[in-house]
Participant: 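Handing you a structure now.
In what follows, chains are A, B, ... by sequence order, proteins preceding strands, each numbered from 1. Just so you know, these numbers use all the heavy atoms, side chains as well, and skip hydrogens, waters and symmetry mates.
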Amino acid sequence: MSGKIKSKKGYSRLTVALAAGVIIALIAGYILGSLGKVPESNYYSLQQQYQNLTALVQNLTASVQAQKIRAAFIYVGPVGDYGWTNAHDVARRYVQNLFPWLETFYVESVSAADAPAVIDSLIAQKKVNVVFTTSFDFMDATVEEAKKHPDVIFFHCSGYKRDKNLGTYFAELYQLYYLNGLMAGALTKTNKIGYVGAYPTPEVIRHINAFALGVKAVNPNAKVYVRWLMAWYNPDGARQAAQALVSEGVDAIAYTEDSPAIIQFAEEQYKTTGKMIYVFSHYSPMYDYGPDVVVSGELVNWGVIYEDILMKIKEGVYNNTNLQNVDYWWMLKEGAVELGAKFGMPINPKFVNALKGKFVQDPTLGNISIYDLIFVRLNQMSEETVTFDPFTGPIKAQNGTVMIPTGVRAGHDTLWSLNWFVDNVVGSPTG
Amino acid sequence: MRVKLEKRVQISKYEIIAVRIASIVLALLSIGLLFIVSGIDPFYAYSVILSGVFGSTFGISEVIVKSIPIGLCSLGLSLAYTAKVWNIGSDGQLIMGAIFATWVALFSNFPQVLILPSMFLAGFIGGLVWATVPAFLKSKYNVNEVIVTLMMNYISLNLLDYLLSGPWRGHGVFNYPITDEFPKFARLPSIPGTRIHYPTLILLILLTFLILFVMNRTKFGLEIKAMGDNLEAARISGIDTFKNSLIVMMISGGLAGIAGVGEAAGIQYRLIRNISPGYGYSAIIPAWIGGFNPVVVLVASLFVSALFVGGNIAKVSLGLSYGLINVFNGVILIFLISSEYLVGYRVRIEWT
Amino acid sequence: MITKPLIKMEKVSKKFPNVIALDNVDFSLIKGEIHALLGENGAGKTTLMKILFGMLKPDSGTIYINGKKVNITSPRDAMQHKIGMVHQHFMLVDSLTVLENIALSYEKKPIIDYNEIEKKIKEISERYNFYVDPKSKIWQLSVGEQQKVEIIKALCGDVDVLILDEPTSVLTPIEVEELFKALNAMRKQGKSIIFITHKLDEAISISDRITVLRKGKVVGVVKPSEVTKSDLVKMMVGREIAEMINKDKYKSNENNIPLVEVENLVVFNDRGLVAVNGASFVLYPGEILGIAGITGNGQRELAEALIGARRVSHGKIKILGINTTNKKTRDIIKLGVSYIPEDRIRFGILPNLSVTENLLLTNYDDPRFSRKLTVNYHSFRNVALNLIKEFNIVTPNLQTPAKFLSGGNLQKLLIARSAVKEPKLIIVSNPTSGLDVATVALVHEWLIRMKKKNVGIILISEDLEEIIKLSDKIIVLKEGKITGNFVGEAKITEVATAMTTKVST
């Protein structure tokens with residue numbers, strides 16, 4: 001199924017022979033070198049033979065495997081995490097099953113410092129010709145490696161640097177955060193809503209802003225209180241942050257952190273004290289961790305992006321010279337993301353009635369229930385021509401300055417470099 | 001049958017080396033069993049890993065790349081540990097070195113030719129300053145340096161976060177928490193085709209021999225060896241243990257700081273949050289394996305780096321999970337550290 | 001007298017790496033006797049007894065108890081054969097009471113009947129006149145009392161044979177007397193006692209028979225009444241050894257400049273308690289000042305204050321007329337002061353460093369073998385080799401770690417170290433504890449030689465005989481106070497009385 005352990009018999013023997021040869025040559029070389037009595041020519045001919053052998057072996061293996069697409073995935077975390085890396089790996093398995101001409105490899109828990117070495121050896125040993133680097137941390141390394149291996153196609157997730165053989169891709173969630181915000185704004189009783197953020201990156205700030213804009217659209221009095229974790233994965237920290245927010249009166253929480261810790265916390269509170277904290281799951285289907293408290297969430301489907309990229313490479317649309325401007329920025333319209341805490345369930349049925357029972361006055365839609373509003377917006381953002389975007393002016397920053405003027409829809413670059421919060425967020429956008 | 005341990009009266013260098021090699025062989029045999037359990041032919045696995053690490057310039061160069069920061073930290077730790085000053089804060093000191101060097105690279109107005117030397121100096125000072133706090137608390141108020149240095153690691157990490165998400169966040173980086181790239185003149189040259197930033201490597205080798213000289217030929221070296229071996233005896237012999245523990249801690253911090261400079265200016269070309277994937281912690285291992293002897297420590301750093309590179313190769317070539325790799329590395333290190341015991345004791349088996 | 005021996009050890013041999021500890025040793029013990037096992041350090045006394053007590057396994061040889069061959073493989077076996085042993089280093093838990101310690105070693109039931117054990121302790125105490133409060137914690141007891149606990153612990157096991165390993169080395173003269181009384185009482189009760197010692201006088205005064213060991217072999221089994229002291233020395237050492245005595249005792253020094261003047265000194269110990277409490281004395285060049293007292297009465301703190309390694313809180317120290325109160329150790333050493341600390345392993349030796357480095361420890365800034373920053377190991381080599389020859393230090397080579405040297409050689413090493421720079425003042429603490437007769441003589445000879453060279457010596461020692469033999473003047477330190485002051489010849493009993501004087505606080 002996966003390319004984890006592919007050791008065809010012949011290849012394995014070849015490698016053993018190669019390794020044995022290398023070791024013998026090294027030892028022989030060392031002994032001959034240190035003896036110093038052996039004529040130099042002998043030594044060089046031995047070295048020459050060894051080099052010839054290596055070259056031969058490399059050519060052989062390269063030609064055999066040229067026909068297939070061999071794609072490597074470099075992960076920053078373990079595949080068993082409950083968020084980012086897992087979502088990518090689910091997608092990798094999806095495309096692996098989909099395309100018979102594809103063979104995939106992955107390496108998990110790779111640090112930024114190790115990434116170049118890992119990529120080099122994937123290319124050298126596994127003869128991969130497509131490399132996906134799935135963390136922002138790998139950006140510089142990917143750029144370097146793309147220069148070093150001009151024949152290999154690279155795709156870097158979440159970065160902004162491209163090259164002729166390096167494209168970028170991203171599945172963006174802010175539309176979903178806006179929809180989550182609508183729900184949170186409608187459900188909160190204290191008008192205090194919490195957000196536990198990982199790092200103050202533009203991505204997280206964008207999500208917080210979208211969430212806050214959703215809240216504002218249905219509940220202008222509610223505020224969004226932000227707590228930073230300074231970690232992508234820190235269940236204990238997330239739990240403590242949630243606890244702190246709740247003790248300050250917050251009764252709805254969205255977050256960016258790769259674990260279901262906050263959901264588990266809310267479910268515990270509900271089960272033991274009956275206290276209701278509405279939570280929104282992040283990235284992976286986490287409904288099962290808190291069926292009583294999870295309202296909705298954001299789900300990602302990297303599979304559609306990988307499918308598209310790999311198809312286009314196979315058909316020759318993408319090659320190692322034309323990726324300079326290839327940047328995937330896929331959202332609802334492309335099916336890269338989905339609303340809900342569980343695939344196929346946009347809103348937890350437990351909360352449907354509450355949302356149906358609340359109404360807002362919309363300039364164009366008139367008096368409409370929140371529940372209906374959510375689905376109108378969802379549809380508008382899923383259409384071929386997107387007729388609604390949360391980041392449409394007027395949008396003010398915390399200090400009251402108008403950042404996006406009336407009627408203007410923020411462009412990609414603005415959204416990519418957000419460093420300010422909208423005016424109903426309480427907290428600092430610098431951590 | 002009875003297995004008995006007898007204290008060794010004396011052990012020759014060759015016996016020590018033999019014990020070490022035997023322990024590695026035993027470790028490899030045990031890991032071989034783990035390979036078999038995981039359904040991988042151990043001979044195949046070892047041949048892949050060995051040829052990956054040592055069979056190519058690539059593998060060897062990667063080992064060297066990793067051994068530069070590990071070696072520098074380890075060297076400093078050896079000095080501190082010789083005096084029984086337990087610095088666990090290399091990682092934080094490395095980060096401070098990188099921070100100080102980044103300031104020089106991005107925000108100072110030094111002449112271009114002076115930038116790189118100043119970065120090394122600044123990095124050294126950065127690590128040194130960071131180590132001074134626990135050193136001072138230790139020697140003045142007898143506060144346990146293990147805890148303080150460890151805590152300082154987290155403080156430095158938070159400082160790094162603050163700088164990256166606040167004042168030092170780059171302009172051309174779409175607001176990501178990273179600095180701008182260093183200008184060309186603030187980057188260390190590498191050996192072509194590799195990532196070996198050779199100025200740092202040369203520095204490492206020079207420092208290794210400098211510290212060897214300090215330990216074996218200077219008064220200071222004798223003093224710290226005496227302190228480490230018997231603090232009471234050193235004290236009543238008139239050795240200024242306060243001053244010396246301050247100095248070893250500072251030097252060891254400074255060396256870790258230089259490692260940080262190498263990582264920022266030689267590998268990343270900017271300051272990032274993951275500037276150190278735990279090099280400062282990894283460096284504790286070679287310091288112990290090498291028995292605090294600088295040259296042996298350098299070799300041990302290469303060995304530990306080879307383990308990490310081998311681990312990466314196993315991840316790539318054998319598709320092993322990172323958890324399993326950690327288990328393998330752990331097994332090798334446990335065997336090596338246990339062999340410490342066999343250096344002091346002889347195992348005798350009596351057949352009765 | 002032909003009595004069937006209670007214990008017989010036959011042809012016992014034991015090899016350690018590089019050393020033959022015991023070579024075909026025969027040993028026998030008769031019921032109701034006190035049997036001294038006499039020999040120098042490393043002669044094999046303790047090894048032999050550890051074999052009998054099941055702590056070591058012999059390479060060959062047999063043990064008979066009451067004529068029956070037995071196989072003792074653990075201390076538990078030994079105790080079943082009614083053999084008990086009191087080790088040189090006590091095996092007590094400091095934070096527990098006497099009662100709890102004794103219970104620990106005997107009660108095997110899950111619920112401990114403390115009353116019964118206490119009753120037994122009382123009974124034994126009364127029988128042998130050996131009192132210890134069962135309720136006090138071990139750390140509250142003096143070393144002598146702790147030894148009593150060890151002995152009571154052994155006797156609680158209803159032993160017939162009690163092995164005592166160097167029991168007097170930690171005791172005051174009065175306590176030694178008490179111990180001997182108790183041992184005699186035990187003998188009367190029919191118990192047999194093996195008494196390991198290297199002190200001739202003790203062996204002669206207490207034992208019925210003496211087995212002398214030398215280098216793992218039995219040299220002879222004698223009755224004390226049949227031999228002289230010098231016979232025994234010859235048996236132990238293998239040659240005659242002249243006893244060193246300070247022959248030209250105290251002369252008036254009124255006209256000399258004092259070497260050391262100590263005035264009303266107050267020093268605290270590591271726990272912040274007063275250790276030296278208002279001590280004053282004067283030392284002139286060419287004098288040996290003996291400081292008598294049981295270890296732990298402020299001697300270490302006094303010595304460390306003198307060399308600047310411990311803060312003086314009150315009072316004044318002058319060395320060679322210079323005020324050295326709270327001066328740096330390094331500067332005081334430079335004046336020509338050498339300190340040879342007590343407990344060499346703990347305070348003197350760098351165990352893992354080489355002989356050379358140990359010799360250098362207090363001398364590395366001597367301009368003869370160092371420059372500003374560096375040490376010239378090369379030029380020190382010859383100095384080191386000469387020292388090794390001069391002081392007869394037995395070591396494989398200069399690189400050997402000090403921990404591989406025997407106690408005697410370590411002491412010689414420390415003395416050699418302090419002889420590198422011609423010292424003007426030597427402060428030496430318990431210089432001969434645990435050393436064999438030959439080395440003791442060597443140390444004493446060196447001290448007298450130094451005295452003759454007009455060096456002033458402060459000799460701190462627990463060994464009263466040593467102090468009496470060597471000192472020109474004696475002061476007695478008890479709980480940090482000077483409780484006795486003797487000039488010239490002093491009687492051992494007088495000094496001993498001063499050592500046990502109650503100090504009013």
Participant: Taking every heavy-atom pair that is under 4.5 Å apart, which of C:K372, C:R417, C:K334, C:R344 has the most such pairs with chain B?
Facilitator: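 Most pairs with chain B among the choices: C:K372.
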
Participant: Let's go through B:F213 and C:T374 carefully: what are the C-alpha distance in whole Å and the side-chain angles of both, what is the deciding distance for side-chain contact (heavy atoms from CB on, under 4.5 Å) to 0.1 Å, and is it a yes or a no?
Facilitator: CA-CA 9 Å; B:F213 177 81; C:T374 56; 3.7 Å; yes

Participant: So which of C:D365, C:D331, C:T362, C:N352 has the biggest tally of heavy-atom pairs under 4.5 Å with chain B?
Facilitator: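 That would be C:N352.
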
Participant: Where does C:P341 contact chain B at under 4.5 Å (heavy atoms): side chain, backbone, both or neither?
Facilitator: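 Contact with chain B involves the side chain of C:P341 alone.
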
Participant: With chain C as the partner chain, list the residues of residues 223-233 of chain B whose heavy atoms fall under 4.5 Å from it, by residue number, and write 'none' if nothing qualifies.
Facilitator: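 Only B:E223, B:K225, B:A226, B:D229, B:N230, B:E232, B:A233 of residues 223-233 of chain B have a heavy atom under 4.5 Å from chain C.
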
Participant: Chain B heavy atoms under 4.5 Å from C:I332: which part of the residue, side chain, backbone, both or neither?
Facilitator: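 Neither; nothing under 4.5 Å.
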
Participant: Between B:D240, B:V214, B:I239, B:I236, which has the largest tally of heavy atom pairs under 4.5 Å with chain C?
Facilitator: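 Looking at each of B:D240, B:V214, B:I239, B:I236 in turn, B:I236 comes out on top.
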
Participant: So what's closer than 4.5 Å to chain B heavy atoms on C:Y377: side chain, backbone, both or neither?
Facilitator: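 Contact with chain B is through the side chain of C:Y377 alone.
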
Participant: If I take atom OG from residue B:S237 and atom CD1 from residue C:I307, how far apart are they, to the nearest 0.5 angstrom?
Facilitator: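 It is 7.5 Å, given to the nearest 0.5 Å.
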
Participant: Can you tell which part of C:Y339 gets under 4.5 Å to a heavy atom of chain B, answering side chain, backbone, both or neither?
Facilitator: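 Contact with chain B is through the side chain of C:Y339 alone.
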
Participant: Can you tell me which portion of C:L353 sits under 4.5 Å from chain B's heavy atoms? Options are side chain, backbone, both or neither.
Facilitator: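 For C:L353, the contact with chain B is made by backbone and side chain together.
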
Participant: So how far is it from B:L222 CG to C:L350 CG, rounded to the nearest 0.5 Å?
Facilitator: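 Going from CG on B:L222 over to CG on C:L350, the span is 8.0 Å.
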
Participant: Evaluate side-chain contact (heavy atoms from CB on, under 4.5 Å) for B:R235 paired with C:R310, printing each intermediate quantity in order.
Facilitator: CA-CA 10 Å; B:R235 193 173 64 82; C:R310 185 172 290 275; 4.2 Å; yes

Participant: Could you check whether atom NZ of C:K215 has more than 12 heavy atoms from other residues, nucleotides or ligands sitting under 6.0 Å from it?
Facilitator: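 Not more than 12 within 6.0 Å, no.
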
